[in-house]
Amino acid sequence: MVTDDPFFKFEGDLRRGVIALATLSQLVTAQYGYSLRQKLTEQGMEIEEGTLYPLLRRLESQGLLTSEWRIEDGPPRRYYVLSDEGRRLYPQLVNSWRNLSAVMENLFKEGPLNDV
């Protein structure tokens with residue numbers, strides 16, 4: 001959908017900032033792309049294939065994920081899981097998210113829409 005409504009641009013910016021963290025949160029155990037996408041969707045974080053697969057490749061190239069091809073009851077699938085570096089970094093990112101979220105909640109309390 002193409003729109004001039006600035007809400008959609010800002011919402012997209014917000015989502016881009018959290019999709020990587022949401023993805024990392026689900027890769028403590030190995031997942032292939034489709035199963036990961038389903039898991040995220042079930043939790044309310046919808047993500048398009050065109051966003052997910054490049055993100056997985058980027059996170060792997062950054063050393064946060066490892067992957068391997070597996071054949072289990074069907075066609076070969078690439079499974080992703082947190083690397084040692086990803087396991088080290090993930091709790092730090094969660095802590096940072098929680099701190100930012102708390103700061104934002106405090107800011108919202110003082111803002112013009114404090115009863116939203």
Side-chain angles (χ1 to χ4, degrees):
M1 169 174 49
V2 176
T3 180
D4 291 333
D5 186 344
F7 170 79
F8 292 104
K9 179 190 180 320
F10 284 102
E11 182 185 36
D13 290 345
L14 287 171
R15 283 182 49 80
R16 273 186 291 283
V18 299
I19 286 175
L21 184 57
T23 298
L24 292 174
S25 77
Q26 300 304 300
L27 291 174
V28 173
T29 58
Q31 298 279 327
Y32 61 95
Y34 182 75
S35 67
L36 173 61
R37 188 169 173 239
Q38 284 183 307
K39 207 170 179 185
L40 289 167
T41 297
E42 288 169 6
Q43 296 298 319
M45 178 62 71
E46 292 189 26
I47 182 170
E48 298 295 322
E49 286 181 23
T51 300
L52 179 60
Y53 291 103
L55 173 63
L56 290 170
R57 287 190 295 275
R58 181 171 57 86
L59 292 172
E60 186 175 23
S61 73
Q62 292 171 339
L64 301 178
L65 302 178
T66 60
S67 69
E68 67 178 3
W69 287 97
R70 295 184 196 169
I71 301 174
E72 297 177 359
D73 301 325
R77 294 182 174 121
R78 186 174 211 138
Y79 281 76
Y80 296 88
V81 68
L82 291 177
S83 66
D84 289 341
E85 178 66 12
R87 288 180 190 277
R88 184 191 68 72
L89 185 62
Y90 174 67
Q92 294 175 359
L93 292 171
V94 169
N95 189 47
S96 179
W97 170 259
R98 287 181 174 148
N99 289 336
L100 287 169
S101 181
V103 167
M104 292 307 298
E105 284 301 320
N106 285 332
L107 291 170
F108 295 151
K109 288 177 188 174
E110 297 177 11
L113 302 175
N114 59 8
D115 55 341
V116 171

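Hydrogens, waters and symmetry mates are skipped; everything else that's a heavy atom, side chains included, is used. Please read all numbers here as calculations on a predicted model, not as lab measurements.
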Could you grab the distance from atom [atom1] of [X] to atom [atom2] of [Y], nearest 0.5 Å is fine?
X      : Y      : atom1 : atom2 : value
Asp84  : Leu89  : CG    : CG    : 12.5 Å
Tyr32  : Leu56  : OH    : CG    : 13.5 Å
Arg77  : Trp69  : CZ    : CH2   : 10.5 Å
Leu65  : Leu55  : CG    : CG    : 8.0 Å
Gln43  : Ser25  : CD    : OG    : 8.5 Å
Lys109 : Asn106 : NZ    : CG    : 5.0 Å

- When every non-hydrogen atom of Met45 is compared with those of Ile19, the smallest separation belongs to SD-CG1, 4.1 Å
- Please report the shortest heavy-atom distance between Tyr53 and Tyr34, naming the atom on each side.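 What the structure gives for the nearest pair is OH-N, 3.3 Å.
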Hey, are the side chains of [X] and [Y] touching, using non-hydrogen atoms and a 4.5 Å cut-off?
X     : Y     : answer
Leu27 : Tyr90 : no
Leu52 : Glu49 : no
Tyr80 : Leu36 : no
Thr51 : Arg37 : no
Val81 : Thr29 : no

- Is the shortest side-chain N to carboxylate O distance from Lys39 to Glu42 below 4.0 Å?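 Looking at Lys39 and Glu42, the cut-off is not met.
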- NZ/NE/NH1/NH2 to OD/OE distance under 4.0 Å, Asp13 and Arg16: yes
Is there a path from [X] to [Y] through hydrophobic residues (I, L, V, M, F, W, Y) whose side chains come within less than 4.5 Å of each other?
X     : Y      : answer
Val18 : Leu100 : no
Ile47 : Phe8   : no
Trp97 : Phe108 : no

- Task: Count the heavy atoms belonging to other residues, nucleotides or ligands that lie under 6.0 Å from CD of Glu48, then report whether that count exceeds 12.
- Result: no
Is the side chain of [X] donor-acceptor paired with the backbone N or O of [Y] at a distance under 3.5 Å, no angle test?
X      : Y     : result
Ser83  : Leu64 : yes
Ser96  : Leu93 : no
Ser101 : Arg98 : no

- Task: Determine, stepwise, if the pair Glu60 / Arg57 fulfils salt bridge (Lys or Arg N to Asp or Glu O under 4.0 Å).
- Result: CA-CA 5 Å; Glu60 186 175 23; Arg57 287 190 295 275; over 6 Å; no
- Query: Who passes side chain to side chain donor-acceptor pair (under 3.5 Å) against Glu46, sequence neighbours left out?
  - Reply: none
